[in-house]
Amino acid sequence: MHFFFHYIRKYPLSCICIALIWILSLLPFFPETPLDNVEFIDKWVHFIMYGGTCLVIWVEYALKHRTPDYEKLFFWAWLMPVIMGGVLELMQAYCTTTRNGDWLDFLANATGVTLGAVIGVAYHLLKGLARK
């Protein structure tokens, strides 16, 4: 339990973003908006949610650590969000009656995470150059 609270204290914004993704992904309904008419709006939402979350993880990590551990970052800030996106799509398909899993949603999630990671790496590199 201490392990769990340690990460909430150390990376609060990342934890909030992750919790929001879980909540929004498993809500039994989603309210209609004027943007529902935009083609592929749900894919853009997935891309932005996962990319933004990944970027928040990278930035919070950079603020807490002087030198990056890229193996940890690969695992926690790229691989785990991609896996989480896949798990949530499967849960929507098999554990809910009002939502459905979608391979394109999973692809949008993974693409957002990958772009967030690329920006995160650039942020770390620029932060390191600024210190010199």
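Below, each value reflects all heavy atoms present in this structure, side chains not excepted, and no hydrogens, waters or symmetry copies.
In the hydrophobic clustering of this structure, Val45 does not group with Phe40; members are Ile, Leu, Val, Met, Phe, Trp, Tyr whose side-chain heavy atoms approach within less than 4.5 Å, directly or through other members. Hydrophobic clustering (side-chain heavy atoms under 4.5 Å, transitive across Ile, Leu, Val, Met, Phe, Trp, Tyr) keeps Leu20 apart from Val87. A continuous path of hydrophobic side-chain contacts links Ile57 to Leu79 [ILVMFWY only; heavy atoms under 4.5 Å]. The hydrophobic clustering, which links ILVMFWY residues whose side-chain heavy atoms are closer than 4.5 Å, places Trp58 and Leu125 together. Linking ILVMFWY side-chain heavy atoms closer than 4.5 Å, directly or via other members, places Tyr94 and Met84 in two distinct hydrophobic clusters.
Remark: Trp22 CH2 is packed, more than 12 non-hydrogen atoms of other residues, nucleotides or ligands lying under 6.0 Å away. Within 6.0 Å of NZ in Lys72 there are 12 or fewer heavy atoms belonging to other residues, nucleotides or ligands.
Annotation for Ser25 and Leu88: closest pair OG-CD1, 3.8 Å, computed over non-hydrogen atoms. Among all heavy-atom pairs drawn from Tyr11 and Lys64, the shortest one is CE2-CG, 4.0 Å. In terms of heavy atoms, Cys54 sits closest to Gly116 at SG-C, 3.9 Å.
With Gln92 contributing its side chain and Leu26 its backbone, the two residues share no donor-acceptor pair below 3.5 Å. Counting only distance, with no hydrogens or angles, the side chain of Glu89 and the backbone of Asp102 share a donor-acceptor pair below 3.5 Å.
Between the CZ atom in Phe5 and the SG atom in Cys15 there is a gap of 11.0 Å [rounded to 0.5 Å]. Atom CH2 in Trp76 sits 14.0 Å away from atom CD in Glu71 (nearest 0.5 Å). Considering CD1 of Ile23 and CD1 of Ile16, their distance stands at 10.5 Å, rounded to 0.5 Å. To the nearest 0.5 Å, atom CG of residue Leu13 and atom CG of residue Leu55 are 11.5 Å apart. To the nearest 0.5 angstrom, Thr114 atom OG1 is 11.0 Å from Ile119 atom CD1. Going from atom CG of Leu104 over to atom CG of Leu107 covers 6.5 Å, rounded to the nearest 0.5 Å.
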Practice prompt. Give the C-alpha distance, both sets of side-chain angles, the deciding distance and a yes or no for side-chain contact (heavy atoms from CB on, under 4.5 Å) between Tyr123 and Leu126.
Written response: CA-CA 5 Å; Tyr123 177 79; Leu126 290 174; 6.0 Å; no

Worksheet item: Does the pair Val121 and Val118 meet the rule for a side-chain contact (heavy atoms from CB on, under 4.5 Å), with working shown?
Response: CA-CA 5 Å; Val121 168; Val118 168; 5.9 Å; no

Discussion item. Go through it in stages, so that I can follow the logic: the residues are Asp69 and Leu73, the test is side-chain contact (heavy atoms from CB on, under 4.5 Å), and I'd like the CA-CA distance, side-chain angles, deciding distance and then a yes or no.
Written reply: CA-CA 6 Å; Asp69 180 343; Leu73 282 166; 5.9 Å; no

Discussion item. Go through it in stages, so that I can follow the logic: the residues are Arg99 and Leu27, the test is side-chain contact (heavy atoms from CB on, under 4.5 Å), and I'd like the CA-CA distance, side-chain angles, deciding distance and then a yes or no.
Written reply: CA-CA 8 Å; Arg99 305 294 294 263; Leu27 278 176; 4.1 Å; yes

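Relative orientation of the His124 and Tyr70 rings is perpendicular, given thresholds of 30° and 60° on the angle between their planes. Classification of the Phe74-Trp78 ring pair by plane angle, with boundaries at 30° and 60°, yields parallel.
Within the 4.5 Å cutoff, side-chain heavy atoms of Leu35 are placed close to those of Val38. Side-chain atoms of Glu60 and Pro12, non-hydrogen and from C-beta on, do get closer than 4.5 Å to each other.
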Side-chain polar contacts of residues 46-53 - donor-acceptor pairs under 3.5 angstrom, sequence neighbours left out - could you list them?
unit_1, atom_1, unit_2, atom_2, d
His46, ND1, Asn109, OD1, 2.8
His46, NE2, Asp105, OD2, 3.4
Thr53, OG1, Met49, O, 2.8

